[in-house]
Amino acid sequence: MASPKVLCVPLLSLLAVLAAYWYHQVDDNSLQNRLDNVLSSLLRAEQKVGLDSHQPPRIAIGFGGCLDIIVDGVALLDEAGIEPSYNPIHHNYIETEAQLAESFAYFFPPGAASERYVSNETLFKKLVDTSKRLTEMRWALGGNAPVMANRLATEGCDVLLGGRLSPEEISVLSERITIAGEPINDPDIHLIMEYPTGAKWGKHMSRRANRYIVHSDSHNPMIDSLEDFKSQLQSFNPDLLVIGGLQMMDSFPFKSGQRESRLKAMQELLLSMDSKIGSHFEMASFVEQSLMKDLLEYVIPYSDSLGMNEQELPNLLSLIKGGNITVLSDPYPRVASILDQMRELYQLLRSQEHKEGQRSLTRLHVHTLAFQAMMVTKDSMWKNTMSATAKASLTANRHVCGSSQIDTRKAKLIMDDSFSVSREMGSQRIPFQESRPVSCWEEDNYEICLAPVLVCTEVFQTAGGGDNISAAGLVLQI
């Protein structure tokens, strides 16, 4: 007969397994309830403000457009026979397969978004042809302006879009969009090399889902729809002007003085706008320092509002302070760090001596993987900051998961349970509340609102995320 001690050991093991299973189930249910509560609270915040369907916002946006080929980045490199590089180097533009491998190895491990011009047409054609052999390749509308335009139209706005587009691009635009620009038959193509969190390329592993974009544009760098766009602006009578897509000028082989000439034409457009009409500039992945300096002269001083991500914020801030471009920054920045950088950028841009026709920055929107942050000057033209921040947060999930309906079983929160409003010693900490997830407070002459993102765990697409988020955030503020 077995002793009581021998019988007791398996029984205790079984009880331990059952207890662990029960606690795991309770923990999972608690987490799911928390996500559901955050979602319902964000939806309530978003829905506090609606658009007037009888008098929808009118938004003019430029420039450019393209067709995106979206593929798995690692699968494309493997299919093209491009071996992993263990010599990560930042290249301003790509000429060879070796440079592509080095550049991808630079941005892939931290999961940082990047966009590079390929000066070698043969290499770019090889990549495009190779992508077409991949089973999971798909086409999509691309370019900052068309993507933002479609989001604005989806949200109920009437839109004037400046861009020279092909019949394929035009076919997927909303009927609420009017195009300013002569049509073309040979659209620029962007190759979107996506990858999920934990993806492996040789010995490299990505820390977060993101994308590496390569292009070899000919139309977009010239902003060749600008004149048609300008000629239709007055009759369109917009409530807001949005400028984006200027990163296509980065590292492009312009003739001497050609880029400056086009940016001066852009400056003239901005100067021609009534000061009562808001002007927003959407940042992007810029690497050419001289272009960034041109933007600080011809575009940014004429913008009331700026939109950017966690890579572009320190990039711009560093340049304004007299430093170099910071190509790679923390892909998971702390809230306090972002808020301090936003305050510094806001004060620096507002304190600069203003020439005739220039504007003071009154709105700053930074979108990160974990949270959305907006800074808006008190008593400025921008309204409903809390609801706009909530909408931007929800749009991040909707776009990346590829569904207008948010499923919290495919989401997670990566923002901390509380955050400090600054890195300075003794700064206030704000606790995260499920029932009121959007935190807003006033400082100096501005208001700050911050909302957590329900981060999509089953990624459909990261490319175009910033454009969709920024556009959605603007809708409720004009």
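Along the sequence shown, residues carry numbers from 1.
Between Leu270 and Ser279, the closest heavy-atom pair is CD2-OG, 3.7 Å. Of all the heavy atoms in Ser103 and Arg116, the pair that sits closest is OG-CG, 4.3 Å. Closest non-hydrogen pair, Val242 versus Leu240, comes out as CG2-CD2, 3.8 Å. Closest heavy-atom contact between Ser206 and Pro196: OG-O, 2.7 Å. Heavy-atom minimum distance, Val159 versus Phe236: C-CZ, 3.7 Å. Scanning all heavy atoms of the two residues, the minimum distance from Ala75 to Leu134 falls at O-CD2, 4.0 Å.
Screening residues 268-288 for salt bridge (Lys or Arg N to Asp or Glu O under 4.0 Å) gives Arg259-Glu288 as the qualifying pairs, with residues at least two apart or on separate chains. Under the salt bridge (Lys or Arg N to Asp or Glu O under 4.0 Å) criterion, the residue pairs touching residues 174-196 are Asp158-Arg176, with sequence neighbours excluded.
Using cut-offs of 30° and 60° for the angle between ring planes, the Phe252 and Tyr117 rings count as perpendicular. Between His365 and His367, the ring-plane angle classifies as perpendicular under the 30° and 60° cut-offs. The aromatic rings of Phe419 and Trp441 sit tilted, their planes meeting at an angle between 30° and 60°. Using a 30° and 60° split on the angle between ring planes, Tyr446 and Tyr346 fall in the perpendicular class, above 60°.
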Val421 vs Ile430, test: side chain to side chain contact (heavy atoms under 4.5 Å, CB included). Steps then yes/no.
CA-CA 7 Å; Val421 300; Ile430 295 180; 3.7 Å; yes
Using side-chain hydrogen bond (donor to acceptor under 3.5 Å, both in side chains), reason through Ser403 and Gln405 one step at a time and then give a plain yes or no.
CA-CA 5 Å; Ser403 173; Gln405 300 298 314; over 6 Å; no
Evaluation steps, side chain to side chain contact (heavy atoms under 4.5 Å, CB included), between Ile61 and Ile243:
CA-CA 6 Å; Ile61 179 167; Ile243 302 296; over 6 Å; no
Starting from the C-alpha separation in whole Å, work towards a yes-or-no answer on side-chain hydrogen bond (donor to acceptor under 3.5 Å, both in side chains) for Gln32 and Arg409.
CA-CA 7 Å; Gln32 191 60 50; Arg409 293 170 299 179; over 6 Å; no
Apply salt bridge (charged side-chain N to carboxylate O under 4.0 Å, His left out) to the pair Glu46 and Arg398, showing each step before the final yes or no.
CA-CA 14 Å; Glu46 177 189 37; Arg398 289 166 180 154; 2.9 Å; yes
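With respect to Arg138 and Asp68, no salt bridge is recorded, no charged nitrogen being found less than 4.0 Å from a carboxylate O. With respect to the salt-bridge test (charged N to carboxylate O, under 4.0 angstrom), the residues Glu434 and Arg44 do not qualify. Comment: Arg164 engages Asp224 in a salt bridge, judged by a side-chain N to carboxylate O separation of less than 4.0 angstrom. By the 4.0 Å N-to-carboxylate-O rule, Lys378 lies close enough to Glu442 to be salt-bridged with it. Between Arg133 and Asp129, no side-chain nitrogen of the basic residue sits less than 4.0 Å from a carboxylate oxygen of the acidic one, so the salt-bridge criterion is not met. Residues Glu115 and Arg211 are not paired through a salt bridge, judged by the lack of any N-O separation under 4.0 Å between the basic side chain and the carboxylate.
Remark: Lys293 NZ is loosely packed, at most 12 non-hydrogen atoms of other residues, nucleotides or ligands lying under 6.0 Å away. For Asp52, the CG atom counts as densely surrounded, since its 6.0 Å shell holds more than 12 non-hydrogen atoms of other residues, nucleotides or ligands. Counting non-hydrogen atoms of neighbouring residues, nucleotides and ligands closer than 6.0 angstrom, the CZ atom of Arg350 exceeds 12 such neighbours.
Neither side chain, Tyr332 nor Glu310, offers a donor N or O lying under 3.5 Å from an acceptor on the other. Donor-acceptor pairing under 3.5 Å is lacking for the side chains of Gln232 and Ser235. No hydrogens or angles considered: a donor-acceptor pair under 3.5 Å links the side chains of Asp36 and Thr408. For the residue pair Ser435 / Gln433, no side-chain donor-acceptor distance below 3.5 Å is found, with atom types taken as modelled. For the residue pair Gln341/Ser337, the side-chain donor-acceptor check at 3.5 Å is satisfied. Side chain to side chain, Ser285 and Glu312 fail the donor-acceptor criterion of an N or O pair below 3.5 Å. For the residue pair Ser305/Trp382, the side-chain donor-acceptor check at 3.5 Å is not satisfied. A donor atom on one side chain and an acceptor atom on the other are not found under 3.5 Å apart for His215 and Asn220. Judged purely by distance below 3.5 Å, without hydrogens or angles, the side chains of Ser422 and Asp340 pair a donor atom with an acceptor atom.
By the ring-ring contact (aromatic ring centres under 6.0 Å, His included) test, His399 is found to be paired with no residue, residues two or more places apart in sequence or in another chain being considered.
Of the possible donor and acceptor atoms, none in the side chain of Gln347 sits under 3.5 Å from a partner among the backbone N and O of Glu344.
By the 4.5 Å heavy-atom criterion applied to side chains, Asn315 and Val287 are not counted as neighbours.
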